[in-house]
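First comes the structure, then the notes that go with it.
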Amino acid sequence: MSWLVSIVDRADPESRPAPAAVEARKTQLLSLWSRYVRPVTGCGDGDFEDFYEQAVRLEAALGSFGADNVWLQLSSNRETAVNAGTGERRRASDLDHLPLYGTQPSRRHEDVDMEQARLAASYYRYGAFLARAGRRVEVCGFLPDDPSARDLGDVLAGFAADGIRRAFLKTTRVKYAAFPVDLPEGFAREDAGQVVYGELDFGAMSLEGGTENIIAQEFVPMHYEYRVFVVGQTAVTAAGCIEEFTPLDNNGYRFDNKLRRNRQDKSAVEVEPAVAGILTGFARNAVDALAVEVPGLTDYVIDVALDAEGKPLIVELNSLLNSGLYASQPVRVTEAMAGRERELVL
Ligand SMILES: Nc1ncnc2c1ncn2[C@@H]1O[C@H](COP(=O)(O)OP(=O)(O)OP(=O)(O)O)[C@@H](O)[C@H]1O
Ligand SMILES: [Mg+2]
């Protein structure tokens, strides 16, 4: 079974002192990269996390699929795929029927077959999410042209009238904008325009007139954010959302238990087995509910957290292939994918 493995061709990373075991892992990854991508020293000026994330993806793909089954497509030359085992070169477009692994380049998930990414990005429509969101969530449009469409101004004015003093707005367009807004008493529907233009400036123009392009949420504190990787509707690995961590920081557990209480404030990282256990159990329950509701959605990441009272909630769902790895074990993802393909072939 062959795979198209898409790797972002990162620059030689800066050096960062690490314990001996991690140094040994870095050496392995640097030599793998030097063999399959381009010679690197580990003492360059490239970004540390970005490089090692890509190197670990490459390592996981080669290990789980087998080099002969990996058609490597580098971001520096997207037209060509090279067989990692034989060195054979093919036009990447001739291989686009193959299952995909690795970072996918499409911003809007449209130019490659990314059904999974599309289904994950619609998370805010799923009852299984809404029942576990731990906050009010409403989809609406920013100054919609269609008079019958749900208007952001009405949603925010409704929140304010119900005593909600802070909201969190996110565009339905992936990674376009996400920001909190204050809702002073007496906030009126007409105030919404200023709020969005104040935050996004000209970026608000492309939203204006649309329907269902904003996810308006009640703002709730989110603690111990945790990313759970799901393959075949099964949680396979997970790690705390700690931006400076990579799989090099994994503590040997499939479900890493290092957590940061406050992602936004970059508070201290601590080992929290009990919290990681609660979050994993909660995520598994959500994954089961999503499997019933959206059977086509099989591979994704689900971010979960605890609210101010310690009750778990879902932050969001994202595409599996493009999500940051943190201190997870990516080889669990590739193993699960390879296992599924073997089942299909048998
Ligand atoms: N309703 C909310 N109330 C308070 N904070 C929130 C809310 N929703 C999200 N956040 C915070 O904002 C962050 C970003 O939100 P989210 O993950 O939904 O968007 P995103 O576009 O994926 O951004 P990022 O790439 O930073 O994760 C979350 O990780 C969480 O810390
Ligand atoms: Mg996020």
Side-chain angles (χ1 to χ4, degrees), residues 47 49-50 53 103-104 106-109 116-126 128-140 152 155-156 158-160 162-183 195-196 199-200 203 206-207 213-230 238-246 259-267 269 275 279 282-283 286 300-328:
D47 184 273
E49 289 94 23
D50 287 348
E53 280 217 356
T103 310
Q104 299 302 313
S106 167
R107 186 166 63 93
R108 299 183 66 185
H109 314 306
Q116 293 302 313
R118 253 196 314 276
L119 288 173
S122 300
Y123 71 91
Y124 52 86
R125 300 191 187 282
Y126 304 148
F129 163 73
L130 295 168
R132 292 168 181 78
R135 59 199 188 272
R136 270 173 63 177
V137 176
E138 277 195 62
V139 191
C140 49
L152 173 67
V155 173
L156 293 182
F159 281 10
D162 291 342
I164 296 172
R165 295 278 78 95
R166 202 160 157 77
F168 186 86
L169 304 185
K170 187 170 154 175
T171 54
T172 56
R173 190 196 294 177
V174 174
K175 300 292 177 210
Y176 187 72
F179 54 93
V181 298
D182 288 323
L183 301 175
V195 159
V196 176
E199 179 71 30
L200 300 182
S206 69
L207 299 173
N213 57 8
I214 304 269
I215 309 159
Q217 314 178 19
E218 181 180 353
F219 186 97
V220 293
M222 294 187 177
H223 297 143
Y224 302 115
E225 290 183 50
Y226 196 56
R227 173 160 295 174
V228 179
F229 295 77
V230 178
C241 299
I242 298 164
E243 319 300 328
E244 66 274 27
F245 276 10
T246 71
L259 294 170
R260 161 170 278 153
R261 184 158 194 277
N262 195 329
R263 179 182 172 207
Q264 307 301 336
D265 295 354
K266 297 226 157 188
S267 64
V269 173
V275 179
L279 291 170
F282 173 76
Y300 55 99
V301 302
I302 176 167
D303 291 344
V304 293
L306 298 185
D307 73 7
E309 280 79 50
K311 195 166 175 287
L313 56 79
I314 302 177
V315 183
E316 62 159 348
L317 268 57
N318 269 308
S319 97
L320 175 76
L321 296 178
N322 282 357
S323 290
L325 303 173
Y326 302 125
S328 67

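Note that this is a predicted model, so its numbers are computed, not measured. The chain is numbered in sequence order, starting from 1. Remember, it's 1-based here, ligands and their atoms both numbered in the order they're listed.
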Quiz item: For ligand 1, which atoms have a heavy atom of Glu218 less than 4.0 angstrom away?
Solution: 1 (N), 2 (C), 3 (N)
Quiz prompt | Contacting atoms of ligand 1, where contact means under 4.0 angstrom from a heavy atom of Arg135 | solution = 1 (N)
Quiz item: Should one rank Arg166, Lys170, Gln264 by closest heavy-atom distance to atom 16 (P) of ligand 1, which comes out on top?
Solution: Lys170
Quiz item: Short list, please: which atoms of ligand 1 are under 4.0 Å from a heavy atom of Gln217?
Solution: 1 (N), 2 (C), 7 (C), 8 (N)
Practice problem: Report yes or no: does Glu53 contribute a side-chain atom to a donor-acceptor pair with the main-chain N or O of Gly324 at less than 3.5 Å? | Solution: no
Practice problem: Quick one: pull up OH in Tyr326 and CZ in Phe229 and give me the separation to the nearest 0.5 Å. | Solution: 8.5 Å
Exercise. Measure the OH-CG distance between Tyr226 and Leu259 for me, rounded to the nearest 0.5 Å.
Key: 6.5 Å
Quiz prompt | Check: Arg125 main-chain N/O paired with Ser122 side-chain donor or acceptor under 3.5 Å | solution = no
Quiz item: Taking only heavy atoms of Glu225, which atoms of ligand 1 are found under 4.0 Å from at least one of them?
Solution: 28 (C), 29 (O), 30 (C), 31 (O)
Quiz item: Taking the minimum heavy-atom distance to atom 21 (O) of ligand 1, which of Arg227, Lys175, Glu243 ranks first?
Solution: Lys175
Practice problem: Return the residue, atom name and 0.1 Å-rounded distance of the protein heavy atom closest to atom 7 (C) of ligand 1. | Solution: Met222 CE, 3.3 Å
Self-check item: Top protein contact for atom 9 (C) of ligand 1, by heavy-atom distance
Solution: Phe168 CE2, 3.4 Å
Quiz item: Is it the side chain, the backbone, both or neither of Phe219 that has a heavy atom closer than 4.0 Å to ligand 1?
Solution: both
Quiz item: Quick one: does Asp303's side chain get under 4.5 Å of Tyr123's, heavy atoms only?
Solution: no
Quiz item: Any N/O/S atom of Glu316 sitting less than 2.8 Å from the Mg ion (ligand 2), backbone or side chain?
Solution: yes
Quiz item: Among protein heavy atoms, which sits nearest to atom 22 (O) of ligand 1, and what does the distance come to when rounded to 0.1 Å?
Solution: Glu316 OE2, 2.6 Å
Quiz prompt | Exam field: side chain Arg227 to backbone Ala239, donor-acceptor pair closer than 3.5 Å | solution = no
Quiz item: Quick one: which of Asn262, Val220, Leu317 has a heavy atom closest to atom 4 (C) of ligand 1?
Solution: Val220
Self-check item: Heavy-atom gap Asp303 to ligand 1 smaller than 4.0 Å
Solution: no
Quiz item: Between the main-chain N or O of Leu183 and the side-chain N or O of Arg165, is there a donor-acceptor pair closer than 3.5 Å?
Solution: yes
Self-check item: Gap between atom CZ of Phe179 and atom OG1 of Thr171 - 0.5 Å precision
Solution: 8.5 Å
Quiz prompt | CD1-OH distance between Ile242 and Tyr224, expressed to the nearest 0.5 angstrom | solution = 11.5 Å
Quiz prompt | Closest protein heavy atom (residue, atom, distance) for atom 27 (O) of ligand 1 | solution = Arg263 NH1, 3.2 Å
